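Lettering of chains follows the sequences in order, A, B, ..., and the numbering in each one begins at 1. The structure presented is a predicted model; accordingly, all values stated were derived computationally and were not measured.
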There are 2 protein chains.
Amino acid sequence: MADELRDMIDIDRIIHEPARLVIVTILNAVERADFLYLQRETGLTKGNLSSHLTRLEDAGYVTIEKTFEGKTPRTTCRLTDQGRAAFKAYRERLQRAIDAAPAPPDA
Amino acid sequence: MADELRDMIDIDRIIHEPARLVIVTILNAVERADFLYLQRETGLTKGNLSSHLTRLEDAGYVTIEKTFEGKTPRTTCRLTDQGRAAFKAYRERLQRAIDAAPAPPDA
DNA sequence: CAGACTGGTTTGTATCACAAACCGGTTTAT
DNA sequence: ATAAACCGGTTTGTGATACAAACCAGTCTG
C-alpha cells in the first residue's frame with residue numbers, strides 16, 4: 001500500500017540535495033547556463049557551486065564545457081539526457097511519496 | 001522571479017531527509033504510531049529509526065511517549081502541531097520550487 | 001609595476017546518516 | 001535455577017558530504 005512511501009528512502013540523493021535540486025531545476029528549464037549565471041540565480045558561493053557541479057558531472061547528470069569568451073574563461077553547463085530523465089523520475093517519485101499515506105495500523 | 005527556487009536552498013533539512021520525510025508523512029496520516037509499526041512501515045533499522053525520531057523530537061516535531069503494554073515497553077510517537085505545520089510548509093515550498101523555472105538568461 | 005578583479009578549484013571542518021554493537025529486561029528451554 | 005534467545009530500543013564509531021574560506025592562474029586598471 002504505502003510502498004511509494006518506502007521507496008522515498010532510496011530516492012536519488014544526488015538530486016535531492018537542495019542546492020543541486022535548484023541547479024538541476026534551472027538547467028532543466030534553460031538548457032544551458034554558465035557558471036556565473038548559476039551563481040547569481042542560486043545565491044551559492046563559488047566553491048559550493050563548483051563542487052555541486054562536479055558532483056552532478058560525476059553522476060553523469062550534467063556536462064561542463066570550458067571555453068574562452070575572448071580572453072576570459074567561461075564554463076557552460078548542460079543537463080544530459082540522463083540528468084533530465086533522473087530529474088523527471090525524481091519529481092515523480094517525490095510527488096507519489098508525499099501524496100501517499102498509510103492506512104491506520106490496525107483498525 | 002525564481003525566488004521560489006532560491007528559497008528551496010534553505011528548506012527545512014529536518015524534514016527533507018528522506019527517512020524522516022517518510023516518518024513524518026506517516027505520522028501526519030495516522031496521528032500516532034509505535035516504534036515497531038514505524039520500523040515495519042519504513043524498513044529502517046532500529047538504530048537508524050531511533051536516531052531519526054530523536055532528531056525529530058529535538059526539533060519539536062514529534063513527541064515520544066514511553067509506556068508499558070503489560071510487561072513490554074512501548075514507544076508511541078505523535079506529530080506535534082509544530083511538526084504538522086512544518087510538514088505543510090515543507091510540502092508547499094517544495095512544490096513551488098519544483099514548479100518554478102527561471103526565464104532564459106538573456107533572450 | 002602594484003593592486004584589484006574574474007572565474008573558478010582545492011582544502012579544512014563540522015555535521016550527519018547509517019549500521020553495528022550494546023543494554024536492560026523478559027520469555028523460553030534445559 | 002540457569003542459560004540462552006528474544007524484545008524494544010539506545011549509544012557508539014565511521015565514512016560521506018555540504019559548506020565556506022583560502023587559494024590560484026590569468027587579466028585588466030591606475
Side-chain angles (χ1 to χ4, degrees), chain A residues 6-27 32-59 61-78 97 105, chain B residues 6-27 32-59 61-78 97 105:
Chain A
R6 216 187 337 265
D7 284 350
M8 179 66 204
I9 288 181
D10 347 286
I11 201 164
D12 189 337
R13 303 264 183 162
I14 297 291
I15 294 184
H16 192 62
E17 160 63 29
R20 285 191 296 264
L21 180 52
V22 170
I23 294 170
V24 168
T25 301
I26 292 173
L27 289 179
R32 93 206 93 82
D34 62 33
F35 190 94
L36 293 182
Y37 171 69
L38 284 176
Q39 202 198 336
R40 279 193 303 275
E41 208 59 29
T42 60
L44 294 168
T45 61
K46 292 184 289 188
N48 203 0
L49 176 56
S50 176
S51 48
H52 283 308
L53 285 175
T54 300
R55 207 139 158 53
L56 287 167
E57 187 184 26
D58 289 348
Y61 290 175
V62 309
T63 56
I64 299 182
E65 218 184 62
K66 288 167 183 303
T67 58
F68 275 87
E69 189 76 12
K71 303 206 170 176
T72 71
R74 181 194 189 94
T75 298
T76 306
C77 314
R78 292 171 198 269
Chain B
R6 216 188 336 268
D7 286 349
M8 179 65 205
I9 287 180
D10 344 286
I11 202 164
D12 188 337
R13 302 267 182 159
I14 297 291
I15 294 184
H16 191 61
E17 161 61 30
R20 286 191 295 265
L21 181 51
V22 170
I23 294 170
V24 168
T25 301
I26 292 173
L27 289 178
R32 93 205 93 84
D34 62 31
F35 191 94
L36 292 181
Y37 171 69
L38 284 176
Q39 202 200 336
R40 278 193 304 276
E41 209 57 30
T42 59
L44 293 168
T45 61
K46 292 184 287 190
N48 204 357
L49 176 56
S50 177
S51 50
H52 283 308
L53 285 175
T54 300
R55 207 141 158 53
L56 287 167
E57 186 183 27
D58 290 349
Y61 290 174
V62 307
T63 56
I64 299 181
E65 219 185 62
K66 286 167 183 305
T67 58
F68 276 86
E69 188 76 13
K71 305 206 165 175
T72 71
R74 180 192 188 97
T75 298
T76 306
C77 313
R78 293 170 197 270

Of the non-hydrogen atoms in [X] and [Y], which two are nearest, and what is the gap between them?
X        : Y        : value
Leu27(A) : Arg78(A) : CD1-C, 4.4 Å
Leu44(B) : Gln39(B) : O-CG, 3.1 Å
Ala19(A) : Ile9(B)  : CA-CG1, 4.1 Å
Arg6(B)  : Arg40(A) : NH1-O, 3.2 Å

Taking atom [atom2] of [N] as reference, at what distance in whole Å does atom [atom1] of [X] sit?
X        : N       : atom1 : atom2 : value
His16(A) : dA16(D) : NE2   : C1'   : 16 Å
Lys71(B) : dT26(C) : NZ    : C1'   : 8 Å
Ile14(A) : dA16(D) : CD1   : P     : 13 Å
Ile23(A) : dA18(D) : CD1   : P     : 11 Å
Leu53(A) : dA18(D) : CG    : P     : 13 Å
Phe68(A) : dG26(D) : CZ    : P     : 9 Å
Asp58(A) : dA16(D) : CG    : P     : 14 Å

Show each protein N/O and nucleotides 1-8 of chain D N/O combination with a separation under 3.5 Å, one pair to a line.
residue : atom : partner  : partner atom : Å
dG8(D)  : N7   : Lys46(B) : NZ           : 3.3

To the nearest 0.5 Å, what is the distance between CD on Glu41(A) and CD1 on Ile26(A)?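 Answer rounded to 0.5 Å: 5.0 Å.
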Gap separating the CD atom of Glu65(A) from the CZ atom of Arg74(A), nearest 0.5 angstrom: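 Glu65(A) atom CD to Arg74(A) atom CZ measures 10.5 Å (nearest 0.5 Å).
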For each nucleotide in nucleotides 13-19 of chain C, reading 5' to 3', give B when a protein heavy atom comes within less than 4.0 Å of its base, S when such contact involves only the sugar-phosphate, and - otherwise. ---SSBB
Below the 4.0 Å mark, does dT9(C) have OP1 or OP2 next to a side-chain nitrogen or oxygen of Lys66(A)?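 Yes, because at least one side-chain N or O of Lys66(A) sits under 4.0 Å from OP1 or OP2 of dT9(C).
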Show your working on side chain to side chain contact (heavy atoms under 4.5 Å, CB included) between Val62(A) and Ile23(A) and close with a plain yes or no. CA-CA 10 Å; Val62(A) 309; Ile23(A) 294 170; 5.6 Å; no
For His52(B) and Asn48(B), does a side-chain donor sit closer than 3.5 Å to a side-chain acceptor?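 Yes.
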Assess whether side chain to side chain contact (heavy atoms under 4.5 Å, CB included) is satisfied between Tyr61(B) and Arg55(B), documenting all intermediate values. CA-CA 9 Å; Tyr61(B) 290 174; Arg55(B) 207 141 158 53; over 6 Å; no
